[in-house]
Each structure stands twice: as structure tokens, then as C-alpha cells.
Amino acid sequence: MTAGPLGDFLHARRARLRPSDVGLPDVGPRRRVAGLRREELARLAGVSVSYYTRLEQGLSRGASAEVLDAIARALRLDTHERAHLDRLADAARRTPQPRRPRQEKLAGETRDLLRALDGVPALVLGRRTDVLAWNPLGHALLAGHLDLAQRPNLSRMLFLDPHCRELYADWKRKARAVVGNLRGTVGKHPDDPLLAELIGELTMKSPEFVSWWRDHRVGPCDADSSELRHPVVGRVTVTQQTLSVARSPEQVLIVCTTPEGSASEEALTLLRQVSGRKPDAAQPVRVPGRPTGLGSRKPDAAQPVRVPGRPVRVPG
């Protein structure tokens, strides 16, 4: 019998703690476990060693709220990890029921909102990180190498599409954040076969995903700044903010913003100007005063972006 998601999570969090982290003496290099022993965690939580062992091994599924609180405190779980623990414990009490996946649809008012956000990159994601819709600027910023009509899965694209590995300057930090978000989603929807299929595919095809998935870290992607190495406008720093979608609690709106008056804002303005035509990736847009990030040649301020049908002035 396998430990199951609850036992795996408890074991991973226990292995993360050192005795010195919780005020216990460290016996030195002869210690055989990476983190706390089961008996040490049980003592900190005020439960018997046999009970905690059964819980971690998946042999006990009826942990009370009080016991979970005590274990969470002993493991020093943060708010998101604590909520994840509750969801895993609740799922362990129930017998999984096969469910037919429900098709995720975009509400009309959400589509209207996305259309209104014309000046900033934006997209709507389903609970499995499938792109349900994006505006042209959001597509041009994050996936300009794909056809606008395509609806990829962002997690799959991040790990398996070479373009995304090149797009994020700190790809590892972004990828680990996505893994933490997926781990939380699996806790909310343990019986979703399409979500399980996605996790299985990434496990088979990405060694990095396997390593970070085993870590059991949990965390939402609420707001995070990323430096992008865009093939058209060079380096752009954006803050990706995640907003709830009215009437569709399992969907989120992702909006990418830049500081007012910044070089990144200028780069997005240029990207918006050229996104109506197919850019030549070998000829990046020249942004005055800074390198494109795609080569050592300095930008030519005398060569502004040309948009067919009207002149474009690039601020000096």
C-alpha cells in the first residue's frame, strides 16, 4: 500500500525540517534521515508515534482538525501549505469517484473584459492552466511563435517548449512557481483525470518537473515579476498578476503590467505596434538606449519601428 498524497506531503515537509529548526538537539553526522524523525515530529505535535506513522503511511484517514492543526504547527506550514494539508486529509477520507471532465467555457462577460484590456497583455486560464483566451498583445508577449488561434497549456509549454525556456531569463524560478501552483490545484481536484494526465506527461518528459514535483512545495501564482528575453523587443520586465474571474471561480485572468515610464513599458508599446504583422525574429525591434538581449550589436536609434500604413516615432 502506498502512502498516498497526504503521506507523501507529510514526509516531504518532515524531511525539510532540521532538528535545530525546531529547538531539538542534532546528534551530528550519524543521523540517517534528512530531516526530523517520525518520533520527533510526533512528540512536537503531541500525538503518538504509532498514530503519526499510520497517518504518514496512509493507514489512517480520520485525522481530526485538532490533530491536523498540531501537525501543521510542528511542520511549520505556511498558510497555503496548511490549506493544502486540509484538502489532502479531506480527500483521504473519501472514496474517489470517477468523473467525466467538464469542458471549461469562457463566459461572454469575461471575453468582453479581455477585449477591453487592449493596452496590456492579458489571458484567461482554466484550472489546468489551459489558455481559454488571450488578447493579441498577451499572445505576442508570451507565445508569438504560435498561431493566435491556438490554445496551449501554459504548464506544458513552459516545460516542453524551447521557446519558453528562452523567454524567461530565470526559467527555473518561474517553472518552480508553476509546479507549486499545480501541486495546490491537484490538492483541490484530486479526481480530475485530465489534470492527472497533464502531471503524468510532464513527469515522463521533464526531469526538472519530476525533481520539483517530489518536493511537494505548494504556492499560488498571485503576482510575480519576471524578466523576459523577447525575440522581437528584447528584454522586458513584467509583473504577472492573477485575478479571479466573476462567475467562474476556477478560471483566472492573468494581466502583465510594467512600471509607468519604464523601458519595459516602451517595449510593450512597440510590441503592440508590430503585433498586427508577422515579425521577423531575426530582426528584433530596436529599443533606444538598451540592448535587445539577442546579440552584442548595439541598437540603432535612427531606425524606428515601421508599421505599414503610418509613420511611427520612437521617443529618444
(request) Kindly write out the residues that satisfy side chain to side chain donor-acceptor pair (under 3.5 Å) with Ser225, not counting sequence neighbours, or none if the list is empty. (result) Thr239
(request) Could you pull out all residues at least two apart from Arg165 that satisfy side chain to side chain donor-acceptor pair (under 3.5 Å)? (result) Glu208
(message) For Ser155 and Thr129, which I'm curious about, is there any donor-acceptor pair between the side chains at under 3.5 Å?
(response) yes
(message) If we ignore hydrogens and angles and just use 3.5 Å, is the side chain of Ser262 paired with the main-chain N or O of Glu265 as donor and acceptor?
(response) yes
(request) Quick one: pull up CG in Asp130 and CG in Leu195 and give me the separation to the nearest 0.5 Å. (result) 9.5 Å
(message) I'd like to check Val255 versus Leu243 (side-chain heavy atoms, cut-off strictly below 4.5 Å). Are they in contact?
(response) yes
(request) Evaluate the criterion side chain to side chain contact (heavy atoms under 4.5 Å, CB included) for residue pair Asp147 and Gln150; output intermediate values, then yes/no. (result) CA-CA 5 Å; Asp147 188 271; Gln150 287 186 249; 3.7 Å; yes
(request) Starting at CG of Asp86, measure out to CG of Asp69 and round the result to the nearest 0.5 Å. (result) 7.5 Å
(request) Look at the side chain of Ser264 and the backbone N and O of Thr237, then say whether any donor-acceptor pair between them is shorter than 3.5 Å. (result) yes
(request) Locate the shortest heavy-atom distance separating Pro152 from Leu146; write the atom from each residue and the value. (result) CG-CD1, 3.9 Å
(message) Could you check whether any side-chain heavy atom of Val67 comes within less than 4.5 Å of a side-chain heavy atom of Tyr51, counting everything from C-beta outward?
(response) yes
(request) Can you sort out the partners of Ser64 under side chain to side chain donor-acceptor pair (under 3.5 Å), two or more places apart, ordered by chain and number? (result) Glu66
(message) Apply the hydrophobic cluster definition, ILVMFWY joined by side-chain contacts under 4.5 Å directly or through others, and give me every member besides Val49.
(response) none
(message) Would the distance check show the side chain of Gln57 and the main-chain N or O of Arg54 forming a donor-acceptor pair, the cut-off being under 3.5 Å?
(response) no
(request) May I ask you to decide if Lys105's main-chain N or O and Gln251's side chain share a donor-acceptor pair within less than 3.5 Å? (result) yes
(message) Please check this pair: side chain of Asn135 against backbone of Ala122, looking for a donor-acceptor N/O pair closer than 3.5 Å.
(response) yes
(request) Quick one: list whatever passes salt bridge (Lys or Arg N to Asp or Glu O under 4.0 Å) with Glu104, sequence neighbours left out. (result) Arg128
(request) Output the distance between atom CG (Leu182) and atom CZ (Arg127), rounded to the nearest 0.5 Å. (result) 12.5 Å
(message) Is any side-chain heavy atom of Arg151 closer than 4.5 Å to one of Leu132?
(response) no
Could you pull out all donor-acceptor pairs under 3.5 Å where a side-chain atom in residues 210-219 meets a protein atom, sequence neighbours excluded?
unit_1 : atom_1 : unit_2 : atom_2 : d
Asp215 : OD2    : Arg217 : NE     : 2.4

(request) Tell me yes or no: between the side chains of Lys174 and Gln240, is some donor less than 3.5 Å from an acceptor? (result) yes
(message) Could you check whether His230 and Arg235, counting side-chain N and O atoms only, form a donor-acceptor pair closer than 3.5 Å?
(response) no
(request) Please answer whether the main-chain N or O of Leu36 pairs with a side-chain N or O of Arg14 as donor and acceptor at a distance below 3.5 Å. (result) yes
(request) Give a yes or no on whether His163 atom NE2 has more than 12 heavy-atom contacts from other residues, nucleotides or ligands under 6.0 Å away. (result) yes
